[in-house]
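All remarks here apply to the structure that follows.
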Amino acid sequence: MPTRAWWICGLFAAELVLIVLAFQVLASVECRETAIEAACRGLRGAVVRAMCLGALFAVYLWAAGAARAQFARMVEGRMGARGWALLHALAFTCVFIPLLLIDDAALNAAFATIFPLLAAGGTVAALAGLFWLAAPADWLDWLKARTGVLLVIALTAFLLPDIAELIGPLWYWNLLTEATFIAVALTLSLFAREVVVDIDRAVIGMNDFSVAIADSCSGVEGFALITAFMGIYAWLFRDTLRLGRYWLVMWPVALLMSWLLNVLRIVTLIAIGAYGSPDLAQNGFHSFAGWLFFILLSFGVLWAVNRIGWLSHDATRPAAPGRLGDDALAAHIAPFIVFMLSGVIVQAFWATPAMGYPLQVAMMAGALWWFRRPLARLMAWPDWVACGAGLVVGVGWVLAAPEAEPPAAALLALPPLAFLAWATLRILGTTLLVPAIEELFFRGYVLARLDTGSLAARALAIAVSSALFAALHGRWLEAGLAGLIFSLVYLRRGRVADAIAAHAVANALIAAVAASRGDWSLI
């Protein structure tokens with residue numbers, strides 16, 4: 001792509017971000033407080049749709065080589081565009097004039113008056129910007145050659161905000177709400193003197209700052225955005241993409257990443273409200289900020305997909321194994337997805353989730369057995385360093401444990417033989433299956449993918465893999481330190497088997513203490 005295209009498109013993206021910051025952070029416009037709520041929401045939706053259209057257009061140029069080449073030629077050959085550039089600048093400036101002339105407190109009351117200026121300024125700025133990038137006649141020729149695919153992309157971009165609104169009630173699904181609030185509360189508890197959580201009213205906060213999180217600012221739109229981006233990408237690359245692996249592996253991982261990003265977003269905004277500016281924090285919950293974050297995440301996911309050869313057909317390389325169970329990369333990822341899915345199932349169908357642990361053991365064991373051939377090549381006999389590191393983690397986990405909790409009533413009600421079977425499966429799953437699955441994913445995949453060899457990349461890889469590992473556990477600080485130790489064990493010889501062994505030793509010690517005390521909450 002020509003340098004001219006990069007910096008003009010970068011300018012457009014920066015202008016959209018500036019509009020969002022100006023009208024939603026620095027001077028918040030609340031549509032429900034204006035005299036023309038529907039028109040206000042329509043204008044806000046137009047900005048979101050423009051963001052989605054630009055992002056999906058970029059995905060299309062990425063995928064379509066011929067279209068990208070023609071686009072590059074018409075942009076590079078653009079002459080006499082100064083007039084359009086000036087018109088774009090003037091129209092864009094008009095959008096900000098109301099903020100300079102009207103007091104922030106009176107902005108909502110005056111919105112009906114300034115609406116025509118905002119709408120006209122935005123429309124003219126968009127059209128002038130396109131014609132600054134390339135001549136109208138060139139745009140017409142370029143569009144004629146690919147009308148069908150661009151109409152699909154434009155329709156997807158137009159409908160995305162509406163689709164996100166339709167799935168908004170998903171936020172009120174108890175499992176999603178509770179998981180999000182628990183993750184946020186555990187994170188906040190690391191640096192707050194008081195954490196406020198009211199799941200029934202969707203209120204969460206810390207110290208003296210709390211917010212009510214509705215479906216419109218819950219981050220659920222990230223699920224729709226990720227799915228739409230991956231759908232367009234799958235359609236454009238349908239001839240080279242291994243669609244089964246793409247949807248069964250990458251899509252669940254992308255949704256999990258979207259959820260984790262939203263947890264981080266909520267934590268950050270609550271921290272800003274508690275220790276900085278409550279107004280800035282509340283404005284940051286507006287959907288604009290979420291759309292920006294999730295668009296960036298979508299690009300990151302698609303970039304990763306493009307880099308993972310396991311997901312695509314490549315005639316220049318030997319064909320990948322025909323059986324998924326023989327693929328080494330899938331062996332690092334798929335068992336973890338099964339593990340997470342098993343947790344969702346027991347949370348959804350058991351009043352006491354611990355009672356469903358035998359099903360989790362069966363699912364985890366099945367996933368590992370399916371990938372037994374590539375996993376067998378990774379296994380090796382551990383040395384004393386790995387085992388010693390595991391003992392350190394196990395002892396630290398036990399010593400730092402909170403006060404013991406009584407066993408669930410459902411467990412106490414089990415007959416002796418049934419309880420013995422449950423306890424046996426709990427210990428086996430904790431000491432053998434969970435360490436293998438978690439280390440394969442967090443150290444064997446996440447850390448290994450991020451570690452490019454440089455000191456900075458390695459530090460980032462350790463930090464990210466340890467943070468994700470901590471996010472999966474109830475005691476974030478202890479789990480983060482354990483993840484750090486397991487990372488160092490893995491990097492010492494570059495063997496995931498060492499990290500698995502250290503994790504298994506730690507969990508075995510913890511399970512032994514839990515069984516002796518009857519404190520199953522310890523594991």
Side-chain angles (χ1 to χ4, degrees), residues 183 186-187 190-191 253 256-257 260 264 304 307 328-329 331-333 335-336 339-340 364 368 371 374-401 429-514 522-523:
L186 289 173
T187 307
L190 297 178
F191 51 88
V253 169
L256 177 62
M257 292 176 64
L260 291 173
L264 180 61
R307 302 281 294 181
L329 184 59
H332 287 76
I333 302 173
F336 181 76
F339 172 49
M340 297 298 292
M364 289 187 289
L368 291 173
F371 292 98
L375 292 181
R377 294 191 290 269
L378 297 174
M379 295 301 103
W381 194 256
D383 62 3
W384 65 270
V385 174
C387 296
L391 288 173
V392 170
V393 171
V395 170
W397 188 271
V398 171
L399 292 178
T430 298
T431 58
L432 299 178
L433 304 180
V434 171
I437 289 174
E438 290 186 346
E439 293 311 311
L440 283 168
F441 181 74
F442 290 111
R443 255 59 67 178
Y445 178 71
V446 176
L447 190 152
R449 284 282 166 178
L450 295 176
D451 182 12
T452 59
S454 68
L455 182 61
R458 179 156 295 180
L460 177 65
I462 294 173
V464 170
S465 62
S466 299
L468 292 175
F469 179 76
L472 193 64
H473 297 77
R475 293 159 56 187
W476 285 49
L477 179 59
E478 294 95 323
L481 292 174
L484 173 62
I485 292 174
F486 296 151
S487 297
L488 296 177
V489 169
Y490 165 75
L491 291 171
R492 175 172 167 262
R493 296 196 294 181
R495 299 196 321 181
V496 72
D498 289 342
I500 293 174
H503 197 156
V505 169
N507 282 15
L509 176 61
I510 297 167
V513 175
L522 190 61
I523 54 175

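In what follows, residues are counted from 1 in the order of the sequence shown.
- Atom-to-atom distance recorded for Leu368:CG and Leu432:CG is 10.0 Å, nearest 0.5 angstrom.
- Taken to the nearest 0.5 Å, the CG atom of Leu447 stands 9.5 Å off from the CG atom of Leu460.
- Every residue two or more places apart in sequence or in another chain that forms a side chain to side chain contact (heavy atoms under 4.5 Å, CB included) with Ala457 is listed here: Thr452, Ser454.
- With values rounded to the nearest 0.5 angstrom, Phe371 atom CZ is found 11.0 Å from Ile437 atom CD1.
- Residues satisfying the side chain to side chain contact (heavy atoms under 4.5 Å, CB included) criterion with Leu264, sequence neighbours excluded, are Thr268.
- Within the structure, salt bridge (charged side-chain N to carboxylate O under 4.0 Å, His left out) pairs that include any residue of residues 469-480 comprise Arg475-Glu478 (at least two apart or interchain).
- Counting all heavy atoms, side chain and backbone alike, Ala506 lies closest to Phe486 at CB-CZ, 4.3 Å.
- Residues Tyr490 and Val496 are in side-chain contact: their nearest non-hydrogen atoms beyond the backbone lie under 4.5 Å apart.
- With sequence neighbours left out, the side-chain hydrogen bond (donor to acceptor under 3.5 Å, both in side chains) criterion links Arg449 to no other residue.
- Leu399 CG: more than 12 foreign heavy atoms inside a 6.0 Å radius.
- In this view, Ala497 and Ala380 satisfy the side chain to side chain contact (heavy atoms under 4.5 Å, CB included) rule, not counting sequence neighbours.
- Residues meeting the side-chain hydrogen bond (donor to acceptor under 3.5 Å, both in side chains) test with Thr431, sequence neighbours left out: none.
- For the pair Trp397 (side chain) and Leu522 (backbone), a donor-acceptor distance under 3.5 Å is present.
- Residue pairs meeting the salt bridge (charged side-chain N to carboxylate O under 4.0 Å, His left out) criterion with at least one partner in residues 494-504, sequence neighbours excluded, are Arg493-Asp498, Arg495-Asp498.
- Taking CG of Leu440 as the start and CZ of Phe336 as the end, the distance is 11.0 Å to the nearest 0.5 Å.
- Among pairs with a residue in residues 455-470, those fulfilling side chain to side chain donor-acceptor pair (under 3.5 Å) read Asp451-Arg458, at least two apart in sequence or across chains.
- Listed by chain and number, the residues in a side chain to side chain contact (heavy atoms under 4.5 Å, CB included) with Pro435 are His503, Ala504, Asn507 (sequence neighbours excluded).
- Leu450 has its side chain within reach of Val446: a pair of non-hydrogen atoms, C-beta onward, lies under 4.5 Å apart.
- The list of side chain to side chain donor-acceptor pair (under 3.5 Å) pairs with a residue in residues 374-383, not counting sequence neighbours, reads Asp383-Arg492.
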Please report, to 0.1 Å, the donor-acceptor pairs under 3.5 Å made by any side chain of residues 385-395, with sequence neighbours excluded.
none

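- A tilted orientation is assigned to the rings of Phe469 and His473, their planes being inclined by 30° to 60°.
- Within the structure, salt bridge (charged side-chain N to carboxylate O under 4.0 Å, His left out) pairs that include any residue of residues 464-474 do not occur (at least two apart or interchain).
- Contact check for Arg443 versus Val489: no side-chain heavy atoms found under the 4.5 Å cut-off.
- Of all non-hydrogen atoms in Phe441 and Ile333, the two that sit nearest each other are CD1-CA, 4.2 Å.
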